[in-house]
Amino acid sequence: MLIYTLPKLPYAFDALEPYIDAKTMEIHYTKHHQAYVDNLNAALAKHPNECLPSLEKMLQDFNSIPSDIREAVRNNGGGHFNHSLFWQLMKKGGGGQPVGKLKSDIEEQFGSFESFKAQLSETAKSRFGSGWAWLSMDKDGSLQIGSTPNQDTLLHESLDPIVGLDVWEHAYYLKYQNKRVDYIAAWWNVVNWQTAEDFYQIALKKL
Ligand code: MN3
């Protein structure tokens with residue numbers, strides 16, 4: 001049976017200050033992400049003798065998850081998957097412009113980086129309730145902006161995640177309260193564009 005663990009955070013809790021405060025990072029990582037991992041493991045422990053598909057496979061096809069743990073794996077496995085991406089997509093001294101092929105393809109497909117940024121910000125702002133905003137790559141290789149509710153992942157839509165933004169209140173409430181728009185504007189200053197380019201290159205290789 002697979003046991004999932006919290007991935008190491010690639011920076012200190014205060015590394016993303018002042019855009020994302022240390023207390024939010026600490027609670028988000030050690031409490032929220034840890035809870036997704038613990039709840040995922042607890043669900044999987046109900047099927048100790050079964051050879052279950054990989055987490056990615058289960059999140060792609062919910063019917064591959066035993067029915068009694070389907071919701072738990074969808075929500076907590078999704079939470080673990082999404083947050084594992086999210087931490088890597090931020091860094092101290094991040095922000096600025098995309099790099100590499102992602103930069104030129106964003107400019108080509110969205111007109112300009114500013115236009116792309118405005119569209120992703122609007123999608124993040126208008127996600128009702130809790131969820132995520134994404135830049136992803138579709139099966140035909142095109143880039144697209146979208147969002148998922150709760151902890152649903154892009155795997156279920158057969159899209160490859162390139163950039164993801166957590167817009168759950170737990171990601172910003174301590175510092176920004178109800179001002180999600182301010183959090184979104186601040187988050188652009190910590191985006192790790194090299195990781196986004198790496199994810200893009202991995203996705204392109206699958207075409
Ligand atoms: Mn979160």
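As the structure lists them, so they are numbered: ligands from 1, and atoms in each ligand from 1.
Between H83 and the options H32, Q34, H33, H28, a side chain to side chain donor-acceptor pair (under 3.5 Å) holds for only H28.
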Where do F113 and W193 land on the ring-ring contact (aromatic ring centres under 6.0 Å, His included) test, with the steps shown first? CA-CA 12 Å; F113 174 62; W193 286 113; 5.8 Å; yes
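The distance from the Mn ion (ligand 1) to the nearest N/O/S atom of H32 is not under 2.8 Å. Look at H28 and the Mn ion (ligand 1): an N/O/S atom of the residue is under 2.8 Å from the metal.
Taking the side chain as every heavy atom from C-beta outward, L143 and D105 approach each other to under 4.5 Å.
Of all the N, O or S atoms in D166, the one closest to the Mn ion (ligand 1) is OD2. When you scan the N, O or S atoms of H170 for the one nearest the Mn ion (ligand 1), you land on NE2.
At least one donor-acceptor pair closer than 3.5 Å links the side chain of R180 to the backbone N or O of A124.
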